[in-house]
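Residues: numbered from 1 along the sequence shown. Since we're looking at a predicted model, the values are computed, not measured.
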Amino acid sequence: MTSAPSCDTLIRAGILVTQDAERRILHDAGIAIADGRIAAIGPWADVKSAFRPASTMDLADCMVLPGLVNCHTHAAMTAFRGLADDLPLMRWLEGSIWPVESRLSPEIVHSGSLVACAEMIRTGTTCFTDMYLFETETAQAVERMGMRAVLGEGILGFPTPAYTDASRALAIAGELTEVTAGSALVRTGIAPHAVYTNSPETLRESFALAKRLNVPWMIHLAENAEETARCMEATGKRPVAYLHDLGCLSPRSVLVHCVDLTEDDISLIAASGAHVVHNPRSNMKLASGIAPVPALQRAGVNVCLGTDGAASNNTLNLFREMNACALLHKVAHGDPTAMPAPAVLDMTTANAARALGWDGIGVITPGSAADIIAMPLDEPGLCPVYTPFSHAVYAAGGHEVCLNMVAGRVIYERGSFTNIEIEELRDHARKLAEWVGTDGKSKTQN
Ligand SMILES: CSC[C@H]1O[C@@H](n2cnc3c(O)ncnc32)[C@H](O)[C@@H]1O
Ligand SMILES: [Zn+2]
C-alpha cells in the first residue's frame, strides 16, 4: 500500500479563481502547496485524500484568487501622497515632484518602500514592478516583507541624489542585478524614465544592457499630448516611432502609459511584441487622457495594469485600478461591453506575468507559484456571488483581502503583517511626513 504524498499546506477554498487559460472557476476546491508551489488543485474531497499536509487552512468561506501583479509603480513615492494634487503631468513633475525628490535619501526610499509594500500586500498585491532611485533600499524592503518585485533604478539624464549623470545611472542600474542575484523574490529591470529625460545614446545603451542581462526594459511613453509635442520638436518623430527607430521596441519592452497613440503607433507596438502598462487612475488624475486600450488589445498587444506612484494615484490598490479601468473604457466608448470584468482581471494576473516574463505567477495551476489572496464571502459587500470576476472588478475595494500568501508563506492575515508590526510601519510613515516637512506643500511650487 502506498501512502499519500506529503505537502506543506492544504487549503480548502469556497471559490477558486484559477486564471488558467480557460479561466476556470472551481467551487469547494482544494489547493495543495509544497515547496512554495502549487502541487495540485481540484475538488476538495479529491485533493484532501491525495495529500498528507503539515498544515491546513480553511478558506471555505472565501473567494481565492492568484495574487495581483502591479506592473508599474514608484513605491517610495508614498512619501508624497497628497503633496501635489490637481496638476497636469509636466507641472506636477517639474514644479512639485522633482524639486522634492532632489532631497531624496536612501533612508526615505527605505521607509517609503516599506509603507508601499504594506499597502499593496493589504490590498491583494503579491508582486510589483518599480522604477525609482536608491532601488537597493526597495529591494531590502520587498525581501523583508516577503513580496515579489521587478526593480529598476530609474535612469534620468540629469543629476539626482543617487547619481551624477546618466552613465553612473546605467552602472547603478546594472549593479542592481548583483543585489537581486540570489533572490527568489526580487528581480531586476532596466528603467530609463522617458524619452524626454534621456538622450538617444542612453536609451540605446539601456536597451543593450537589458538585452545583455536578459531582463525587462521599461519606460514611461506617450503619456500625454505635451510629451508628444516635445518629442516631435526634439526629434521630428512621435515617441513610439522614435523608440522604434532607436531599436528599443521588442518583447522585452514594457511601455508605461501609451495614452497619446495614433493607429500607426498601435501597429508599431503590436508588430514589435512590446507590452503596454495601463494606469487609468494616474492618467485620469493628471488629466493625461484615455489610453486606447481596446484598440491595443484588438491589435494583439498584451496590456496589463499599474497603479503608478502614490503621488499621482493616490493609492497603490489594484482593486481600485481594475474598477477604474473597467468603468473608464465603458464611458469612453459609450459601450458597456468595451472592457469586461474577466479581461480586466487578466490584466492584473496572467497578462502581467507575461509582460514581466515571470513564468508561474498570476495563475493558480499545478506547478505555479503559491501566490494566493483570499476575500471573505460573508463580507456584506461581496455576497451573494454569481460571477467572481464581477466581484473582483466591480464590488471589491481591496480592503476585504484577508489573506496574502507569497511562495507558500503567509505575509498578511486578518489585520496582521507577518514580517512587520503596525507600530513600526507608523514610525516609518511618521518619518516620511517629518522629512517632507509639515509645510511640505509650500516646499513645492504648487
Ligand atoms: C527616475 S525615478 C522615476 C521618476 O518618475 C517620476 N514619475 C512618477 N510618476 C510619473 C509619471 O506618471 N510620468 C512620468 N514620471 C513619473 C518620479 O517622480 C521619478 O522622478
Ligand atoms: Zn510612473
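Heavy-atom contacts from other residues, nucleotides or ligands closer than 6.0 Å to CZ of Arg122 number more than 12. More than 12 heavy atoms of other residues, nucleotides or ligands shown are found within 6.0 angstrom of CG on Asp427. In this structure, His244 places its NE2 atom where only 12 or fewer heavy-atom neighbours from other residues, nucleotides or ligands lie under 6.0 Å away. In Asp35, the CG atom is not crowded: 12 or fewer heavy atoms of neighbouring residues, nucleotides or ligands sit closer than 6.0 Å.
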For this session: Verify side-chain hydrogen bond (donor to acceptor under 3.5 Å, both in side chains) between Asp260 and Thr228, making sure each step is shown before the conclusion.
Result: CA-CA 7 Å; Asp260 191 36; Thr228 304; 2.5 Å; yes

For this session: Test side-chain contact (heavy atoms from CB on, under 4.5 Å) on Arg148 and Ile361 and set out the steps.
Result: CA-CA 10 Å; Arg148 294 183 198 272; Ile361 63 170; 3.9 Å; yes

For this session: Apply the test side-chain contact (heavy atoms from CB on, under 4.5 Å) to residues Leu10 and Ile31: give CA-CA distance (whole Å), side-chain angles for both, the deciding distance (0.1 Å), then the verdict.
Result: CA-CA 6 Å; Leu10 195 57; Ile31 308 169; over 6 Å; no

Exercise. Would Leu356 and His275 satisfy side-chain contact (heavy atoms from CB on, under 4.5 Å), going step by step from the backbone distance to the final call?
Worked result: CA-CA 9 Å; Leu356 303 183; His275 311 267; over 6 Å; no

For this session: Test side-chain hydrogen bond (donor to acceptor under 3.5 Å, both in side chains) on Ser282 and Asp308 and set out the steps.
Result: CA-CA 6 Å; Ser282 171; Asp308 217 347; 2.9 Å; yes

For this session: In sequence, state the C-alpha distance, the side-chain angles, and the governing distance for Met57 and Leu403, and then conclude on side-chain contact (heavy atoms from CB on, under 4.5 Å).
Result: CA-CA 11 Å; Met57 289 181 81; Leu403 174 87; 3.4 Å; yes

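Judged by distance alone, the side chains of Thr202 and Glu205 never bring a donor and an acceptor atom under 3.5 Å apart.
Listed by first then second residue, pairs satisfying ring-ring contact (aromatic ring centres under 6.0 Å, His included) with a partner in residues 191-231 read His72-His220, His74-His220, Trp98-His193, His193-Tyr196, His193-His220, Phe207-Trp217, His220-His257, not counting sequence neighbours.
Annotation: side chain of Leu255 is not in contact with side chain of Val277 (no heavy-atom distance under 4.5 Å). Between Phe128 and Leu151, the closest side-chain pair of non-hydrogen atoms falls below 4.5 Å. No side-chain heavy atom of Glu321 sits less than 4.5 Å from a side-chain heavy atom of His278. Side-chain contact between His329 and Gln297 is absent, with no heavy-atom pair separated by less than 4.5 Å. Side-chain contact between Glu143 and Val186: present, with at least one pair of heavy atoms (C-beta onward) separated by less than 4.5 Å. Counting only heavy atoms from C-beta outward, the side chains of Asp165 and Phe158 never approach each other to under 4.5 Å. The side-chain heavy atoms of Ile219 and Leu243, taken from C-beta on, include a pair separated by under 4.5 Å. Side-chain contact between Glu153 and Thr188: absent, with no pair of heavy atoms (C-beta onward) separated by less than 4.5 Å.
Rounding to the nearest 0.5 angstrom, the gap separating the CE atom in Met63 from the CG atom in Leu16 is 11.0 Å. Taken from CZ in Phe80 to CD in Glu101, the straight-line distance is 5.5 Å, to the nearest 0.5 Å. In this structure, CE on Met347 lies 12.5 Å from CG on Leu68, to the nearest 0.5 angstrom. Rounded to the nearest 0.5 angstrom, Ser113 OG and His110 NE2 are separated by 8.0 Å. With rounding to the nearest 0.5 angstrom, the CG atom of Leu170 is 6.5 Å from the CG atom of Leu209. Here OG of Ser368 is found 7.5 Å from CD1 of Ile372. Values are rounded to the nearest 0.5 Å.
Side-chain N or O atoms of Glu400 include one that pairs as donor or acceptor with a backbone N or O of Gly398 at under 3.5 Å. No donor-acceptor distance shorter than 3.5 angstrom exists from the side chain of Tyr163 to the backbone of Ala166, with no hydrogens or angles considered. A donor-acceptor pair under 3.5 Å links the side-chain atoms of Ser206 to the main chain of Leu203, judged by distance alone. The closest donor-acceptor contact from the side chain of Asn198 to the backbone of Ile155 lies under 3.5 Å. Proximity of a side-chain donor or acceptor of Thr180 to a complementary backbone N or O of Ser183 within less than 3.5 Å is not detected. Remark: side-chain polar atoms of Lys285 are not paired, donor with acceptor, to backbone N or O of Asp85 under 3.5 angstrom. In this structure, the side chain of Asn404 engages the main chain of Ile121 through a donor-acceptor pair within 3.5 Å. In terms of modelled atom types and a separation under 3.5 Å, the side chain of Ser253 and the main chain of Cys248 share a donor-acceptor contact. Side-chain atoms of Asn351 come within 3.5 Å of backbone N or O of Val303 as a donor-acceptor pair. In this structure a side-chain-to-backbone donor-acceptor pair under 3.5 Å is missing from Asn283 to Ser288.
Residues Pro200 and Tyr242 share a closest heavy-atom pair of CB-OH, 3.4 Å. Residues Asn317 and Gly397 come closest through the heavy atom pair ND2-O, 2.8 Å. Residues Asn419 and Gly146 come closest through the heavy atom pair ND2-N, 4.0 Å. Taking all atoms of both residues into account, the shortest heavy-atom contact from Met145 to Cys117 is CG-CB, 3.7 Å. For the residue pair Ala374 and Cys62, the shortest heavy atom distance occurs at CB-CB, 4.1 Å. In plain terms, the two heavy atoms of Arg320 and Thr315 that are nearest each other are NH1-CG2, 3.4 Å.
Partner of Thr307 under the side-chain hydrogen bond (donor to acceptor under 3.5 Å, both in side chains) criterion, out of Thr123, Asn70, Asn313: Asn70 alone.
Taking the charged nitrogens against the carboxylate oxygens, Arg91 and Glu226 have no contact shorter than 4.0 Å, which rules out a salt bridge. Taking 4.0 Å as the cut-off between side-chain N and carboxylate O, Glu223 and Arg230 do not count as a salt-bridged pair. Between Arg23 and Asp346, at least one side-chain N (NZ, or NE/NH1/NH2) sits under 4.0 Å from a carboxylate O, which counts as a salt bridge. Taking 4.0 Å as the cut-off between side-chain N and carboxylate O, Lys431 and Glu434 do not count as a salt-bridged pair.
Listed by chain and number, the residues in a salt bridge (Lys or Arg N to Asp or Glu O under 4.0 Å) with Asp8 amount to none (sequence neighbours excluded). In this view, Arg252 satisfies the salt bridge (Lys or Arg N to Asp or Glu O under 4.0 Å) rule with no residue, not counting sequence neighbours.
Cation-pi check for Arg103 over Trp435 is met; the charged atom lies under 6.0 angstrom from the ring centroid and within 45 degrees of its normal.
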